[in-house]
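Side chains included, hydrogens not; waters and symmetry mates left out as well; all remaining heavy atoms used.
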Amino acid sequence: MEQTLTTSRLVADAIRASDHLRLTIDPHLSVLLFERPGWSPQDYASWSARVAQTGAMLCVPTRWNDTTVLRMAFVNPDTRAADVIHVLDTLR
């Protein structure tokens, strides 16, 4: 459990430091909500489907306060923050 919380915090920090992403809310346990400003719901859905099909990760669009955002939940303690951050770079 501690490892997944650490991973979610590291990824949240990387999102905060990013010039192309915005953290929607601080991590709640191991769940992150974040957005790519300027993207439409279809942009999120297309990107999410692509990364899921490659097996890179599962990061799905959801609604938060009437806005489409992306949602990630860390449950595997072997998930490496660096790998997730690398995939998030494809949101550029």
Side-chain angles (χ1 to χ4, degrees):
M1 177 90 168
E2 281 302 316
Q3 184 56 49
T4 60
L5 295 174
T6 297
T7 301
S8 68
R9 289 183 201 118
L10 289 170
V11 173
D13 288 345
I15 291 169
R16 278 189 205 95
S18 170
D19 62 354
H20 68 288
L21 301 175
R22 182 171 40 226
L23 192 65
T24 304
I25 58 169
D26 285 324
H28 187 272
L29 294 176
S30 64
V31 176
L32 293 179
L33 295 181
F34 64 100
E35 60 187 302
R36 170 62 165 89
W39 273 26
S40 70
Q42 185 55 43
D43 293 326
Y44 286 120
S46 296
W47 178 84
S48 177
R50 267 194 320 277
V51 297
Q53 287 172 348
T54 67
M57 76 174 164
L58 183 61
C59 182
V60 297
T62 192
R63 299 285 294 170
W64 176 261
N65 292 336
D66 294 326
T67 302
T68 301
V69 298
L70 288 167
R71 178 183 187 275
M72 269 190 287
F74 297 97
V75 295
N76 184 341
D78 293 332
T79 299
R80 294 178 3 170
D83 294 338
V84 174
I85 294 164
H86 177 73
V87 175
L88 294 181
D89 282 340
T90 67
L91 285 161
R92 288 191 181 275

Do side-chain atoms of S46 reach the backbone of D43 as a donor and acceptor pair under 3.5 angstrom? no
Mind checking whether L21 and M72 sit in one hydrophobic cluster, side chains of I, L, V, M, F, W, Y counted as touching below 4.5 Å? yes
With rounding to the nearest 0.5 Å, note down the distance linking CG in N76 to OG1 in T4. 9.0 Å
With no hydrogens and no angle check, is any side-chain donor or acceptor of T7 less than 3.5 Å from a backbone partner on Q3? yes
Quick check: do L5 and F74 have side-chain heavy atoms less than 4.5 Å from each other? no
Output yes when R16 and D26 qualify as a salt bridge under the 4.0 Å nitrogen-oxygen rule, no when they do not. yes
To the nearest 0.5 angstrom, please state how far the OG atom of S48 sits from the CG atom of L70. 6.5 Å
Quick one: do I85 and V69 end up in the same hydrophobic cluster if we chain Ile, Leu, Val, Met, Phe, Trp and Tyr together by side-chain heavy atoms under 4.5 Å apart? no
N/O donor to acceptor pairs below 3.5 angstrom from side-chain atoms of residues 54-63, sequence neighbours left out:
unit_1	atom_1	unit_2	atom_2	d
T54	OG1	V51	O	2.9
T54	OG1	A56	N	3.2
R63	NH1	T68	OG1	3.0
R63	NH2	D66	O	2.7

Report whether V84 and L10 are members of the same hydrophobic cluster (ILVMFWY, side-chain heavy atoms less than 4.5 Å apart, transitive linking). no
Any side-chain donor paired with an acceptor under 3.5 Å for E2 and T6? no
For a 4.5 angstrom cut-off between non-hydrogen side-chain atoms, does I25 reach F34? no
Return the CZ to CG distance between R71 and L33, rounded to the nearest 0.5 Å. 7.0 Å
Smallest heavy-atom separation, Y44 atom then R36 atom, equals OH-N, 2.8 Å
Would you find a donor on one side and an acceptor on the other, under 3.5 Å apart, between the side chain of N65 and the backbone of T67? no
Side chain to side chain donor-acceptor pair (under 3.5 Å) contacts in which one or both residues fall within residues 83-92, not counting sequence neighbours: D19-R92, W47-T90, R80-D83
Is it the case that the side chain of H20 and the backbone of L88 share a donor-acceptor pair, with hydrogens and angles ignored and the cut-off at 3.5 Å? yes
